Structure formats: C-alpha cells, structure tokens
Amino acid sequence: MAQEVIKIRGGQTLKGEVNNHGAKNSAVAIIPAAILAEDKVTIEGLPEISDVETLVSLLGDLNIKTELDGMTLNVDPNEIENAPLPNNKVESLRASYYMMGAMLGRFKKCVIGLPGGCPLGPRPIDQHIKGFKALGAKIDESSTTSMKIEADKLVGANIFLDIVSVGATINIMLAAVRAEGQTVIENAAKEPEVVDVANFLSSLGANIKGAGTSTIKINGVEHLHGSHHQVIPDRIEAGTYMCIAAACGENIKINNIIPTHVEPLTVKLKELGVDIQVNDDSAVIKRSTPYSSVDIKTLVYPGFATDLQQPITPLLFMADGVSFVTETIYPARFRHVDELKNMGANISADNGTATIKPSSLTGAEVYASDLRAGACLIVAGLLAEGVTTIYNVKHIYRGYTNIVSTLKSLGADIWTEEV
Ligand code: EPU
C-alpha cells in the first residue's frame, strides 16, 4: 500500500515568520469536554491536525452536530445520544480517554474502546480510574478491547493523585463538574492545558477554582450552557519551531506564543547560546553557533517539557561538548535515538538518559516512531547533509498543522512523496 513520506534536503538557511496554532493537548480535551454542554459551543483557534478530526468524528458518533471549518468548530449537542464507542477511532489516539470523563459526567455511563496514542513505553490510566471510582463509578474491565464505566450518581470526593498526571487531572475535572457536591483534586497537574480546559468548563458555567495549582476544587453544578472559547497557543509546536530556528534559522519570527509557557525552553536555549529575543507574544531566533553543551531533565510543568526533549536533541549535536538528556516522565521515550544513529549521530540512551556528543548528520531513511520523535527527525533532517526520508509521518500529522508547507515557506527543501 502506498504511504506518504517526508523528504528533506538539509543545509538550507531558513528565514521568515511562523504562525503558531492552538494547543493540541488543550484542543483534544476541550472537544470531548463540549459533550458536557447542553447548548451550542464554538471552539476557536484549533490546530488543523488529524487528532482534532478524529475527535470531531467521535462527537458525531454521539449524534452531536458538528461543523469544523479550518480552526473553528461549532458543536450542537441538542440531540446528543449515548452510544458505545468501542471502535478504531478511539484506539487511534491517546486523548480519546477524555471521552470517558466527559461521557461519565454527561450520561453517568459509557462504553468505550481503550486509548492508543504514541508508543512511549507504559502509559497506564490507573489514576483516571481511581478518580472515577472515587466519584462513585463502577468500572468493568473484563473486555480486552473496551471498558464500561457506570455510576448511579456521581458524588464529589477528595482525590489525591499518586502521580502528577495531565490526563487524570483533566479527566477527573470532566467527570466532576456535574457531580453532586465538592471534588478536590490534590497533587493535580499544573500544565497550561489543564488551566485552558478549566477555563473552557468555567465558560460553560462550571465552578472550578485552583487550576494551575496543585489543588483544584470543583463544586458540581446541575447544568452547563453553551459558550465561545479560544484555545491557548501550542507551547510544544512553538517550541519545535524555536528549535528549528536555532538549528538553521536566520531571524525566524514565531508569532502567537505565551512567553511564560515557553520559558522552560527559552531558558535552555539561552544556556546553549542561542540568540533569542522574546516579545509580548512572539519570539525571534537565529542560529548562533557554536553552542555550549547543556544538561536537560524533563519534569512536570513548569519544568522542561517531555514533549520538547526529542525536538531539542539535534541542537545538542551542534554543541562543543557532551550533553545529557534525562527523561523522568516517560523513561522509554528514546525511540528517536536509533534513527539519529542512522544519520551518523553520536548518541546513546541508557536507563532514561541520553548521552549526546558533537556530531555531523548525514541524510538517511528514518522512521518516526511517535509524534515528537518525528519532530526531532525533521530538525535533524534540516541540519543533515543530503536527503533524509522520514517514514510513518502519520504521527507527525497528528500534532503539527501543515508542517511541510510551513517549512517550505521558510525556505526549507522539503517535500512529500508517495512510496
Ligand atoms: N501515569 C500513570 N497513571 C496514570 C496516568 C499517568 O502512571 O493514570 C504516568 C504516565 O505513564 C507518565 C506520567 O504519569 O509516566 C505522566 O503522564 P500524564 O498522564 O501527565 O500524560 P498524559 O496526560 O497521558 C499528556 C500529553 C502528552 C505529554 C504528557 C506529559 C495529551 C493528550 N498528552 O499525556 O503529550 O507528554 O501529558 O506532559 O495531553 C505529545 O503531545 O506528544 C504527548 C505525548
């Protein structure tokens, strides 16, 4: 069967502007969250990615009327029906787990396939389940392909997360906003996307306090109305283009950023020696080698994002010494390492830490094992001498809006081919 590959002839200097899109990891929670509304919802500033299309199609399976026009989604839930969702759409992305919390909150019951997503090593959802159970739900996990979650009624509870989890924090908020009484989530994730989802739910009439801190308090309400919401800018998409600019850019301007959200990355880029100027809602970056080696440790927000660990790695080949990248969120998130070795990189990974030495890259045939590994290979391909062919690009399209045409507009020699 024919499949699309991305090809890059590296070595070009890139110039121009990039308009950053809405945050994927907000969008993929806010679309399911719209199930909780009893009237029309408009969501603006969505990224144009396949994960958004899949979730919109899942809303359709619940008889919700949707209109997706570029970055704007209109949702009319007036004829919503509870239908089982044990299908291959659910399995094609991780964030389909938000359908669980949203459907539980809306119907007190759902039957849903198990979530898929990027293979980053074990990705359990025990904390989500612990939260649903605390609110009064019973979970039937006897099927190997789907899960049945059901509650006579949902009653607020105190939930202490054993692990700081973005997904569990958001999913419990979704299930709790229409529960009876107060829910308190302790050790909650503080990521900007959690705050964005809480703001969306508040715009529907939910009562949520403390999003963005480690204690979130939700006072359940009976009904949620419609609203308009603008998704926050994507700190990971912006960060990826910042890495690209530092690799081969000449004054690339990245528009639509929230500087505090990208600060963990800008601080690291400055440590490397990257010439970066941050304005109110944009950043201008240029390649300014030689870079200094740095050590990076991924942490929950506001630490260095795990999702940027892979895209920043090619910059470390341009440094004057040995760098270390330690992954604490997904210790197995190193499937890009073998691909980079194929490109001639001096890199190894062991026990959750990658050791990265100065290297020159050569184009090769490489495989995008997951979304951010794909982004890493794009940065590497832009730097490499010769042509790089990236296979399995469906992962890249799950998270980056029009990345090939955007890079082409900056002057990259990049194209797609059917093979
Ligand atoms: N974890 C558990 N049990 C749970 C939930 C999480 O053990 O019930 C563990 C995970 O295995 C991981 C850690 O806790 O080791 C943190 O996971 P988290 O739940 O925060 O991750 P997630 O919600 O599944 C989201 C993003 C990821 C991003 C992580 C960390 C979405 C759809 N995905 O995943 O994004 O890496 O938070 O910030 O929001 C990506 O965009 O490429 C991506 C993978």
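Bear in mind that the values here come from a model prediction, so they are computed numbers and not experimental data. Both counts, for ligands and for their atoms, begin at 1 and track the order of listing. Along the sequence shown, the residues carry numbers beginning at 1.
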Which of the numbered atoms in ligand 1 are below 4.0 angstrom from a heavy atom of [X]?
| X | result |
| --- | --- |
| Ile125 | 4 (C), 8 (O) |
| Gln127 | 3 (N), 4 (C), 8 (O) |
| Arg94 | 24 (O) |
| Gly167 | 19 (O), 23 (O) |
| Val166 | 18 (P), 19 (O), 20 (O), 23 (O), 37 (O) |
| Arg333 | 36 (O), 40 (C), 42 (O), 43 (C), 44 (C) |
| Tyr97 | 22 (P), 23 (O), 24 (O), 34 (O) |

Practice problem: May I ask you to test the Val419-Gln3 pair for a side-chain heavy-atom distance under 4.5 Å? | Solution: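 They are in side-chain contact.
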
Quick one: does ligand 1 sit under 4.0 Å from the side chain of [X], the backbone, both or neither, non-hydrogen atoms only?
| X | answer |
| --- | --- |
| Gln309 | neither |
| Lys130 | neither |
| Asp370 | neither |
| Ala168 | neither |
| Lys24 | side chain |

Near [X] [atom1], under 6.0 Å, is it more than 12 heavy atoms from other residues, nucleotides or ligands?
| X | atom1 | result |
| --- | --- | --- |
| Lys148 | NZ | no |
| Lys130 | NZ | yes |
| Lys7 | NZ | yes |
| Asp280 | CG | no |

Quiz item: Where does the angle between the aromatic ring planes of His128 and Phe132 fall among parallel (under 30°), tilted (30 to 60°) and perpendicular (over 60°)?
Solution: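 Perpendicular.
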
Exercise. Give the intermediate values and the outcome of side-chain contact (heavy atoms from CB on, under 4.5 Å) for residues Val278 and Ile276.
Key: CA-CA 6 Å; Val278 180; Ile276 168 165; 4.0 Å; yes

For [atom], which of the options [options] provides the nearest non-hydrogen atom?
| atom | options | value |
| --- | --- | --- |
| atom 40 (C) of ligand 1 | Asp307, Ile236, Val28 | Asp307 |
| atom 32 (C) of ligand 1 | Asn171, Asn25, Val194 | Asn25 |
| atom 38 (O) of ligand 1 | Leu308, Thr298, Ile163, Thr306 | Thr306 |

Quiz item: Ser57: what forms a side chain to side chain donor-acceptor pair (under 3.5 Å) with it, not counting sequence neighbours?
Solution: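 Partners of Ser57 by the side chain to side chain donor-acceptor pair (under 3.5 Å) criterion, ordered by chain and then number, come out as Lys89.
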
Self-check item: Non-neighbouring partners of Gln230 that pass side chain to side chain donor-acceptor pair (under 3.5 Å), sequence neighbours left out
Solution: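 With neighbours one apart ignored, the set is empty.
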
Quiz item: Strictly under 4.0 Å, does any heavy atom of Pro124 approach an atom of ligand 1?
Solution: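 Right, Pro124 reaches ligand 1.
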
Quiz item: Looking only at heavy atoms of Ile329, does any of them come nearer than 4.0 Å to an atom of ligand 1?
Solution: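 The answer is yes: ligand 1 sits under 4.0 Å from a heavy atom of Ile329.
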
Quiz item: So Lys297 and Glu327, salt bridge (Lys or Arg N to Asp or Glu O under 4.0 Å) or not? Walk me through it.
Solution: CA-CA 6 Å; Lys297 190 176 196 176; Glu327 177 55 79; over 6 Å; no

For ligand 1, is there an N or O atom under 3.5 Å from any N or O atom of [X]?
| X | result |
| --- | --- |
| Leu371 | no |
| Tyr330 | yes |
| Asp126 | yes |
| Ala95 | no |

Self-check item: From CA spacing to verdict: side-chain contact (heavy atoms from CB on, under 4.5 Å), Val274, Ile285
Solution: CA-CA 7 Å; Val274 177; Ile285 298 172; 3.7 Å; yes

